[in-house]
Protein chains: 2
Amino acid sequence: MTRLYHFTLSPFCRKVRLVLAEKRIEVELVEERYWTPSKDFLCRNPAGKVPVLRINGLTLSDSQAICEYIEETVPTPELMPQGAKSRAEVRRLCAWFDDKFHHEVTAKLVYERVNKRVTRGGYPDGQAVMAGARQIKFHLDYMTWLLDRRRWLAGDRMTLADFAAAAHLSCLDYISDVDWNRCAVVKDWYAKVKSRPAFRSILADQIPGFIQPPHYANLDF
Amino acid sequence: MTRLYHFTLSPFCRKVRLVLAEKRIEVELVEERYWTPSKDFLCRNPAGKVPVLRINGLTLSDSQAICEYIEETVPTPELMPQGAKSRAEVRRLCAWFDDKFHHEVTAKLVYERVNKRVTRGGYPDGQAVMAGARQIKFHLDYMTWLLDRRRWLAGDRMTLADFAAAAHLSCLDYISDVDWNRCAVVKDWYAKVKSRPAFRSILADQIPGFIQPPHYANLDF
């Protein structure tokens, strides 16, 4: 059985869950309290991070390495395009969201407001939250710029880049931190991703102490 | 002509330079003052980061996306192994160094001590420097653990993971922040990587105001 050690509101885990579901790989989800890592957990991933995937007798970590592994072993449906140029663009955008967007937005909003409370890591840093709220606007504008020129973020077909971006936005949407009125084209794109069967398990997520807004799981939000 | 926009002591740029040199792709290096980005630079990469590579009429950014592109278009000599399992291990280790090691060590030592002075970004944060000096020991121990079991970091052959790691260590070595006496097996591995022709241009680097230690460019250090 394929097993994913994850944390519900981790965008990296959500990216892997979306890829697994899109490829129709059944997976057992195991919630990992990564902030109080057990010895077993550190043996699985000495980096002390989620996601960790048990698949085909292997233990894999790092969300991008995991997604590329799944793509290489289960190529259908295709989430990486053919052609080195297009693949470079998908990887650039995955890094954009998992590095830049994560650092400037997700860490400043989701981690400050949710993870700190869940992990008893102290109070949210108000300045960080304000910076995150400011910076998400720049990112939504950049996504608008891309989506004005392309059907999906990296080109004419849905790719891993769309799942990377949607994973972050879904975490932010859970705490109502995306101003969908700012960006009609991004909203339309998100509605398309959200309506995929792969998104179902993510829309059913519950974080104790945080009630998601009514539009969170609504496909016609 | 292939052109790399880079910053001398950026481990991400050094990783790309090593891959280009190993593949014998001639490149023109253009030093980029990324901390005062020009409009042209932001057009090349809206993320405002180096490296940016002009190659085959394309403009590529994100060091991992660039390296995977080079690997896919110039497969010899091979820096990614065959087999999804081995490739996942190479990518996990690239992420280990470019994410975890970078965050815990390189940013705390090189960026605090060098980049802040070069970019006139203020004084080094003493606590960050101390944390970096503490954390590099854990990483050197982990590399020792790997290299006690494998000839190279990701297995029996040299891969992109070795270049990712060596790029970070070479930046730290420039400012004498690697205690080579702690880790004989890592020192032996680094001597092997450093003696490759691909490393020559990096060993000739000069940062105004920072004189490298005598052992920096010495292959028999």
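For the numbers below, each heavy atom of this structure counts, side chains included, while hydrogens, waters and symmetry mates do not. In this text the structure is predicted, and so the values were computed from the model without any measurement.
- Taking each heavy atom of B:Glu31 and B:Thr8 in turn, the nearest pair found is OE1-OG1, 2.8 Å.
- Nearest heavy atoms, A:Cys183 versus A:Asp179: SG-O, 3.7 Å.
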Next on the checklist: Under the criterion side chain to side chain contact (heavy atoms under 4.5 Å, CB included), I'd like the reasoning laid out for A:Lys192 against A:Trp152: C-alpha separation, chi angles, the key distance, then a yes or no.
Outcome noted: CA-CA 10 Å; A:Lys192 277 197 295 181; A:Trp152 297 90; 3.8 Å; yes
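- Taking OG from B:Ser38 and CZ from B:Arg33, the interatomic distance works out to 11.0 Å, rounded to the nearest 0.5 Å.
- One N or O on the side chain of A:Tyr174 and one on the backbone of A:Ile207 form a donor-acceptor pair closer than 3.5 Å.
- Atoms NZ and CG, on A:Lys108 and A:Leu172 in that order, are 12.5 Å from each other to the nearest 0.5 Å.
- Within residues 87-107 of chain A, the residues having any heavy atom closer than 4.5 Å to a heavy atom of chain B are A:Arg87, A:Ala88, A:Arg91, A:Arg92, A:Ala95, A:Trp96, A:Asp99, A:Lys100, listed by residue number.
- Against chain B, no residue from residues 155-170 of chain A qualifies, as none has a non-hydrogen atom under 4.5 angstrom away.
- Inspection of the A:Asn115 and A:Trp35 side chains reveals no N or O donor paired with an N or O acceptor under 3.5 Å.
- The distance from atom NZ of B:Lys15 to atom CZ of B:Arg17, rounded to the nearest 0.5 Å, is 14.5 Å.
- The OG1 atom of B:Thr2 sits 6.5 Å away from atom CD1 of B:Ile25, with the distance rounded to the nearest 0.5 Å.
- Atom CD of A:Glu28 is surrounded by more than 12 heavy atoms from other residues, nucleotides or ligands within 6.0 Å.
- Looking at every heavy atom in both residues, B:Glu112 comes nearest to B:Lys116 through OE1-NZ, 2.9 Å.
- Note that CD1 of B:Ile202 and SG of B:Cys171 are 8.0 Å apart. Values are rounded to the nearest 0.5 Å.
- When the heavy atoms of residues 118-150 of chain A are compared with those of chain B, the residues falling under 4.5 Å are A:Phe138, A:Tyr142, listed by number.
- Between B:Tyr5 and B:Tyr34 the shortest side-chain heavy-atom distance does not fall below 4.5 Å.
- At a threshold of 4.5 Å between non-hydrogen side-chain atoms, the residues B:Trp189 and B:Val193 count as touching.
- In this structure, the side chain of A:Arg3 does not engage the main chain of A:Val27 through any donor-acceptor pair within 3.5 Å.
- Contacts of residues 42-71 of chain A with chain B at a heavy-atom distance below 4.5 Å involve A:Pro46, A:Ala47, A:Lys49, A:Leu58, A:Leu60, A:Ser61, A:Asp62, A:Ala65, A:Glu68, A:Tyr69, listed in sequence order.
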Item to check | Pair A:Glu22-A:Leu79, side chain to side chain contact (heavy atoms under 4.5 Å, CB included): steps then yes or no | outcome: CA-CA 9 Å; A:Glu22 190 71 20; A:Leu79 291 175; 4.3 Å; yes
